[in-house]
Student: 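There's a structure below that I have some questions on.
Since this is a predicted model, take the numbers as computed values, not measurements. Every chain is numbered from 1, with letters handed out A, B, ... down the list of sequences.
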Amino acid sequence: MIDVLIIGSGGAGLTAALAAKNAGASVTVAGKAYPTNSQTSMAQGGMNAALGNVGEDHVSSHIADTIKSAHGLCDEEMVQQMCEDAPGTIAWLERLGVPFSRLDNEKSGTQTIAQRQMGGASAKRACYAQDYTGLKILHTLYDTCLKEKIHFLDEYYLLNLITEEGTVKGATFLDIRTGKVKQINAKSVIMATGGYGALYHGFTTNAYGSTGDGIAAVLRAGGAVSDMEFIQFHPTALKHSCILVSESARGEGGYLVNEKGERFVDELKPRDEVARAIFSQIKEGQRVFLDVRHLGEAKLMELLPQEVELCKLHEHVDPATELIPIKPVAHYSMGGIDVDTALEVNGIKGCFAVGECSNAKVHGANRLGGNSLLEITTFGKVAGENAYKYAVSVSSKAADDTQQQKDAGEIEALLSQKETANFYPYREKLGNLFYDKVGIVRENDQLNEALNEITMMQETKKEMGISDKSPTNNQNLIDFLEFQNALLLAPTIISAAIARDESRGAHYKVGFEHEDEALKKHRVLQWKKEETCK
Amino acid sequence: MQIKILRSETNTHQLYTLPAGEIPLLNALSYIKETQDATLTFSAGCRASVCGTCAVRVNGREELACAYKVKSGDIIEPLQYHPVLRDLKVDKHKAKETLLTSTAWLHSTQEASLTPSDERLSETQTDCILCDSCYSACPVYAVNPDFLGPFALTRAYRYSADKREGDMKNIIDNIQSNGVWDCTLCGECTAVCPKGIDPKMDITMLRGLSVQEGYNDPSFATQSFGTPDFGGGGFGFDPNAGF
Ligand SMILES: Cc1cc2nc3c(=O)[nH]c(=O)nc-3n(C[C@H](O)[C@H](O)[C@H](O)COP(=O)(O)OP(=O)(O)OC[C@H]3O[C@@H](n4cnc5c(N)ncnc54)[C@H](O)[C@@H]3O)c2cc1C
Ligand code: SF4
Ligand code: SF4
Ligand code: FES
């Protein structure tokens with residue numbers, strides 16, 4: 001039996017794999033796509049570490065900025081650990097060969113890494129690799145995993161965790177290629193399955209697969225989730241395609257303007273404030289643009305080559321000479337699997353969670369740009385090491401195949417059952433519903449309406465199904481399983497938002513525009529025992 | 001607007017009708033899957049040209065579905081030289097093997113003083129998204145399925161050009177057989193790369209590094225100087241001697 005099973009092969013999963021392997025563990029990484037396909041590839045702007053390479057900076061300022069942006073909802077010790085480890089993590093990535101952008105300062109090692117400013121940061125703190133920071137970190141991690149002979153299972157879709165008496169024993173997967181349900185036994189499990197921003201289908205910067213599968217699996221297995229209501233909206237996504245224009249565009253000096261050409265907000269404020277300012281302009285009937293023309297073509301091509309190309313391709317504008325039409329859309333999920341300071345899942349022993357799927361309480365009510373790449377690499381290491389430590393101490397008695405049988409039965413039923421309602425329009429409807437009623441500005445009436453609609457959709461789900469009956473390579477089936485997970489998470493987000501009668505960070509509610517000291521707490525949700533069996 | 005898509009089950013091109021208007025091919029494929037034919041199978045992730053998932057062939061040329069604007073009459077097919085799993089979805093596991101064989105990673109790290117110009121030495125190469133387009137376009141695969149291929153060699157070059165690599169020879173040693181000398185320098189890979197990478201040039205550079213490390217073109221040895229060789233498959237015989 002393997003020591004550590006890692007589910008998800010983005011930046012968090014790959015770092016955890018390298019750390020666990022380095023500690024001496026036998027490791028398997030299972031993911032629903034190939035590692036380099038992960039959403040981590042999309043991160044553009046940068047990764048924070050107080051190196052002070054460009055102007056003065058201190059770890060204490062990084063901690064202070066992060067805590068401030070979290071609006072009282074973070075664990076200050078976790079924040080401290082992450083920020084203190086940041087320079088070391090950058091040094092580690094530097095040793096693996098990450099091609100960071102450089103300064104010409106005749107120094108060596110990490111001291112030559114260029115840094116830029118991101119919203120909410122009091123210094124130029126984000127290390128970057130042009131605007132391909134996530135891509136280059138992810139691929140370097142992958143190359144290193146190949147070097148370390150990490151064992152990968154690609155196109156393995158997580159169905160459920162296997163638990164016995166509250167302890168994890170492994171997980172079941174749909175092998176997408178063969179259509180077989182497989183069981184993997186492991187002494188410990190690390191969830192690294194990414195966030196749930198794709199619930200806002202059609203209104204998100206996220207990749208299609210960020211549907212919160214791992215978080216849903218943890219809920220089903222009796223684990224807890226927390227702070228689900230905190231969804232970050234990124235101020236500047238391309239208006240028509242929702243593709244992100246990185247915050248570094250503003251960090252480098254880009255302006256936000258309305259139709260009349262007026263600037264209406266300090267562009268370097270944290271994302272929640274900027275997103276709301278844009279949203280209210282849009283509500284007033286204004287179109288909003290990002291203006292980077294004054295930066296000049298040469299600088300744009302050097303700092304934001306990817307964005308320039310995406311603007312031309314998807315909006316038919318050339319940022320060097322034209323305004324970029326933008327709107328705020330769902331971008332990052334602060335909430336997720338509730339973990340303790342060792343990153344162990346609250347409610348499931350031996351199961352750890354890291355990255356966007358987990359709530360390690362470092363982002364609180366609003367994440368700072370550049371802190372997620374940092375979280376996945378610093379805490380990825382912690383998760384890998386802790387999972388191995390745990391694995392050493394437990395018995396290797398494998399679980400029986402009850403869960404596997406049950407899951408195989410369900411997949412079979414889905415494949416044989418007649419489809420009466422196509423679920424794709426519902427997926428779209430869910431996205432619209434969330435953007436309209438569980439969006440940037442919330443109201444209790446609308447939240448309640450949304451909850452009712454979700455309940456209705458869950459009823460209709462019984463009639464929904466898939467029309468593709470192929471057992472192998474069935475993407476229609478995967479889309480449906482992802483949609484089921486989204487539907488399962490939807491009420492956790494809405495009910496947590498209803499309960500939070502205040503405004504804090506990314507959660508902003510009409511009628512309750514201020515922070516309420518009494519509500520300065522995490523909202524932890526867990527299913528009752530009876531409900532865990534669906 | 002109508003487009004044709006090669007379906008693996010029937011091995012025929014199926015005709016689909018789309019509403020008029022300019023949209024990315026990926027949106028068109030999703031539209032078909034969601035509203036007309038849920039069995040049409042393809043892969044996608046970021047829809048922003050950066051995850052490398054969605055490469056297909058359009059009218060015989062490799063394109064990222066999320067970056068290509070569909071036109072009436074387009075013929076969409078899966079990548080070449082990859083086992084087709086279903087419709088436009090192919091098996092890309094070969095990538096892992098060729099990367100493993102090329103040992104495209106830092107072997108022995110040393111601290112170095114890097115400048116913006118050092119970074120630019122491999123900036124484009126590190127833009128590679130492993131979309132497999134170049135691999136699909138490379139004619140060598142028609143005759144040699146063991147060829148390491150453009151992206152793996154580009155990646156090997158990227159690490160060998162990194163000042164942090166203290167033992168470049170290791171990488172060079174591992175790209176000799178089915179590697180740098182098997183490329184015909186036709187430039188097809190360069191022509192199709194959506195990230196503007198030039199694997200052909202990288203391979204040429206690697207050939208130069210190989211020669212510096214004492215290797216030379218094995219086919220040159222046998223072709224230009226003819227057989228018989230001296231019983232060692234060309235070993236110990238240096239046709240470039242005296243250059
Ligand atoms: C456009 C964009 C730009 C961003 N820019 C920045 C930035 O500049 N700086 C920053 O710090 N952060 C940025 N972020 C946020 C950051 O990129 C993500 O939060 C981070 O990469 C998440 O990493 P992860 O490893 O937790 O998850 P992911 O990279 O999402 O990986 C999740 C993995 O889990 C797998 N998986 C999911 N479900 C299943 C399942 N059911 N079964 C098996 N496997 C599964 C997936 O295949 C994938 O491999 C950005 C995000 C986006 C979308
Ligand atoms: S240049 Fe070489 S690697 Fe590129 S397509 Fe031609 S033969 Fe293949
Ligand atoms: S070199 Fe270009 S075509 Fe080849 S895999 Fe990389 S990005 Fe794709
Ligand atoms: S979907 Fe990611 S490259 Fe096209």
Student: Looking at B/Leu85, B/Asp37, B/Leu40, which makes the most heavy-atom pairs under 4.5 Å with chain A?
Tutor: B/Leu85
Student: What part of B/Cys54 gets closer than 4.5 Å to chain A, counting heavy atoms only: side chain, backbone, both or neither?
Tutor: neither
Student: Taking NZ, NE, NH1 and NH2 as the nitrogens, is one of them in A/Lys136 or B/Asp127 under 4.0 Å from a carboxylate oxygen of the other?
Tutor: yes
Student: Quick check against the 3.5 Å criterion: does B/Arg164 have a side-chain atom that pairs as donor or acceptor with the backbone of A/Glu94?
Tutor: yes
Student: Determine whether more than 12 heavy atoms belonging to other residues, nucleotides or ligands lie under 6.0 Å from atom CD of B/Glu9.
Tutor: no
Student: Who wins among A/Asp479, A/Ile113, A/Asn206, A/Asn473 for the most heavy-atom pairs under 4.5 Å with chain B?
Tutor: A/Asn473
Student: Between A/Phe100 and B/Glu119, is the side-chain contact (heavy atoms from CB on, under 4.5 Å) condition met? List the steps.
Tutor: CA-CA 8 Å; A/Phe100 288 111; B/Glu119 176 210 348; over 6 Å; no
Student: Kindly compute the distance separating OG (B/Ser113) from NZ (A/Lys107), expressed to the nearest 0.5 Å.
Tutor: 11.0 Å
Student: Do the side chains of A/Asp143 and B/Arg155 get close enough for a salt bridge, i.e. N-O under 4.0 angstrom?
Tutor: yes
Student: So for B/Leu26, is it side chain, backbone, both, or neither that comes closer than 4.5 Å to the heavy atoms of chain A?
Tutor: side chain
Student: Is B/Cys131 in contact with chain A via its backbone, its side chain, both, or neither, using a 4.5 Å heavy-atom distance?
Tutor: neither
Student: With respect to chain B, which residue among A/Gly209, A/Ser467, A/Cys242, A/Ser101 yields the maximal number of heavy-atom pairs within a distance under 4.5 Å?
Tutor: A/Ser101
Student: For B/Lys96, which atoms come within 4.5 Å of any heavy atom of chain A: side chain, backbone, both, or neither?
Tutor: both
Student: Any non-hydrogen side-chain atom of A/Gln475 less than 4.5 Å from a side-chain atom of B/Lys89?
Tutor: no
Student: Could you look at B/Ala67 and say if it's the side chain, the backbone, both or neither that has a heavy atom under 4.5 Å from chain A?
Tutor: both
Student: Crowded around B/Met201 CE? As in, over 12 foreign heavy atoms under 6.0 Å?
Tutor: no
Student: Is it the case that the side chains of B/Ser49 and A/Glu309 hold a donor-acceptor pair, with the cut-off being a distance below 3.5 Å and no angle test?
Tutor: no
Student: Considering only heavy atoms and a distance below 4.5 Å, find which of B/Asp87, B/Leu106, B/Asp118 pairs most often with chain A.
Tutor: B/Leu106
Student: Name the member of B/Asn27, B/Leu99, B/Val50, B/Asp162 that forms the most heavy-atom pairs with chain A at distances under 4.5 Å.
Tutor: B/Val50
Student: Tell me, side chain or backbone of B/Ala104 under 4.5 Å from chain A's heavy atoms, or both, or neither?
Tutor: backbone
Student: Supply the atom-to-atom distance A/Tyr208 OH to B/Ser43 OG, rounded to the nearest 0.5 angstrom.
Tutor: 12.5 Å
Student: Just so I understand: if I count every heavy-atom pair under 4.5 Å between each of B/Asp91, B/Thr103, B/Thr41, B/Leu114 and chain A, which residue has the most?
Tutor: B/Leu114
Student: Between A/Asp154 and B/Lys92, is there a side-chain N and carboxylate O pair less than 4.0 Å apart?
Tutor: no
Student: Is it the backbone or the side chain of A/Thr140 that comes under 4.5 Å from a heavy atom of chain B, or both, or neither?
Tutor: both
Student: Can you tell me if B/Thr126 uses its side chain to pair, donor with acceptor, with the backbone of A/Pro99 under 3.5 Å?
Tutor: no
Student: Using heavy-atom distances under 4.5 Å, tell me whether B/Ile129 contacts chain A through its side chain, its backbone, both, or neither.
Tutor: both
Student: Tell me which of these, A/Gln130, A/Glu106, A/Met42, A/Gln39, has more heavy-atom pairs under 4.5 Å with chain B than the rest.
Tutor: A/Gln130
Student: If I measure from the heavy atoms of chain B, does A/Gln111 come under 4.5 Å with its side chain, its backbone, both, or neither?
Tutor: neither
Student: Identify which of A/Thr205, A/Asn105, A/Thr144, A/Thr40 forms the greatest number of heavy-atom pairs closer than 4.5 Å to chain B.
Tutor: A/Thr205
Student: Give, as side chain, backbone, both or neither, the part of B/Ser30 having an atom under 4.5 angstrom from any heavy atom of chain A.
Tutor: side chain
Student: Report which part of A/Leu310 has an atom under 4.5 Å of a heavy atom belonging to chain B: side chain, backbone, both, or neither.
Tutor: side chain
Student: Please classify the contact between B/Arg158 and chain A as side chain, backbone, both or neither, with a heavy-atom cut-off of under 4.5 Å.
Tutor: side chain
Student: Does B/Met205 CE have over 12 foreign heavy atoms under 6.0 Å away?
Tutor: no
Student: Using the side-chain contact (heavy atoms from CB on, under 4.5 Å) rule, take A/Leu96 and B/Trp105 through it: C-alpha gap first, then chi angles, then the decisive distance, then the call.
Tutor: CA-CA 8 Å; A/Leu96 302 186; B/Trp105 50 69; over 6 Å; no
Student: Might you confirm whether atom NZ of B/Lys71 has over 12 heavy atoms from other residues, nucleotides or ligands at distances under 6.0 Å?
Tutor: yes
Student: Cut-off 3.5 Å, side chains only: do A/Ser108 and B/Glu111 have a donor facing an acceptor?
Tutor: yes
Student: Taking atom NZ of B/Lys69 as the centre, report whether more than 12 heavy atoms of other residues, nucleotides or ligands fall under 6.0 Å from it.
Tutor: yes
Student: Out of A/Thr472, A/Asp468, A/Asn474, which residue meets the side-chain hydrogen bond (donor to acceptor under 3.5 Å, both in side chains) rule with B/Arg86?
Tutor: A/Asp468
Student: Which bit of A/Lys147 comes within less than 4.5 Å of chain B, counting heavy atoms only: side chain, backbone, both or neither?
Tutor: both
Student: Just checking, is any N or O donor in the side chain of A/Tyr132 or B/Lys195 under 3.5 Å from an acceptor N or O on the other one?
Tutor: yes
Student: Quick check on A/Asp104 against chain B: is it the side chain, the backbone, both or neither that has a heavy atom closer than 4.5 Å?
Tutor: both
Student: If we ignore angles and hydrogens, is there a donor and acceptor under 3.5 Å between the side chains of B/Glu22 and A/His316?
Tutor: yes
Student: Going by heavy atoms in the side chains, are B/Leu130 and A/Tyr34 under 4.5 Å from each other?
Tutor: no
Student: With a 4.5 Å limit on heavy-atom distance, are the side chains of B/Pro24 and A/His314 in contact?
Tutor: yes
Student: Is B/His93 close to chain A through its backbone or its side chain, or both, or neither, when contacts mean heavy atoms under 4.5 Å?
Tutor: both
Student: With only heavy atoms counted, which part of A/Leu146 is less than 4.5 Å from chain B, the side chain, the backbone, both or neither?
Tutor: both
